[in-house]
Amino acid sequence: MSKPFSDTSVRLDFFVSHTLGLSRKDAKVLITKGQISVNDTVTKKANHTVTHQDLVKHRDDLLAWPRDKYFVLNKPAGYVCATEDGQHPVVLDLIATHEQKDLRVVGRLDMDTTGLLLLTTDGQWLHRITSPKSDCFKQYRVWCADDITDEAIKQLELGVQLKSEEQPTKPAKVVRVTSHEILLSISEGKYHQVKRMLAALGNKVVRLHRESIAEVALGDLEEGQYRELTDAEVALF
Ligand code: URA
């Protein structure tokens, strides 16, 4: 996968080829012809590295760094959270083709889970959300096969010991909706965490829908639709 621009410095020929839509070979030609300057100094080295602080020009034209992309998608059931899969449709299929380049999925929802999914080209932003140190709450609407007892809710709030994990889950926030439905907010993202938490309490999740991550919510986004995040939403993480 190619490296997102915001991650680090990039080679000058890579930068020129992306910003001018040229092949790497043609970008090198421009550089060796002396048509590219970095901070007003002509630079003929294709392997010179540039960062966001550098002003790169083609003759007198400033070459703008591509902006990272940040999307929120309302994922339907039946889609895999991946950029490709041999068998099933993937969430990237729901994004317009011209927006797909370098887009990565932020965390995973199971194929049968619906709801809020973030996608971005910004690797550092993605890492801040998915890192085990991240403590942002993700809220799920959880429907269960059996009654969710008051005792089970207390356990979820205190922490549940999952199979093959050393530590119990971190305290969750729970709001009861009906006898079989709760709103569950968790700050971790272990594999199949919600289903395993309810299974550890002797219940079974029959439907799962993610409503929000921190203050980013689906609002009136229809299933299968997506939108760009606002600058304020991007700045939350
Ligand atoms: N927890 C699960 O069990 N599944 C999901 O898709 C998300 C959280």
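Because only heavy atoms are used, hydrogens play no part in the values below, and waters and symmetry mates are left out as well, while side chains stay in. From a predicted model like this one, the values you see are computed outputs, not experimental measurements. Both counts, for ligands and for their atoms, begin at 1 and track the order of listing.
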key: Heavy-atom donor-acceptor pair, T178 side chain to H180 backbone, under 3.5 Å   = yes

Going by atom type alone, with no hydrogens or angles, which donor-acceptor pairs under 3.5 Å involve a side-chain atom of residues 27-35 and a protein atom two or more places apart or on another chain?
unit_1: T32; atom_1: OG1; unit_2: K28; atom_2: O; d: 2.9
unit_1: T32; atom_1: OG1; unit_2: V29; atom_2: O; d: 3.1
unit_1: Q35; atom_1: OE1; unit_2: H58; atom_2: NE2; d: 3.1

query = Which pair of non-hydrogen atoms, one from S187 and one from K170, has the smallest distance, and what is that distance?
reply = OG-CD, 3.8 Å

key: Hydrophobic cluster partners of L183 (side-chain heavy atoms under 4.5 Å)   = V175, V177

task = Quick one: list whatever passes side chain to side chain donor-acceptor pair (under 3.5 Å) with D146, sequence neighbours left out.
result = none

ask   = Would you say the side chains of Y79 and D93 form a donor-acceptor pair under 3.5 Å?
value = no

ask   = With hydrogens left out, which residues have an atom under 4.0 Å from ligand 1, given that only heavy atoms count?
value = L109, D110, T113, Y140, H192, Q193, V194, K195, L208

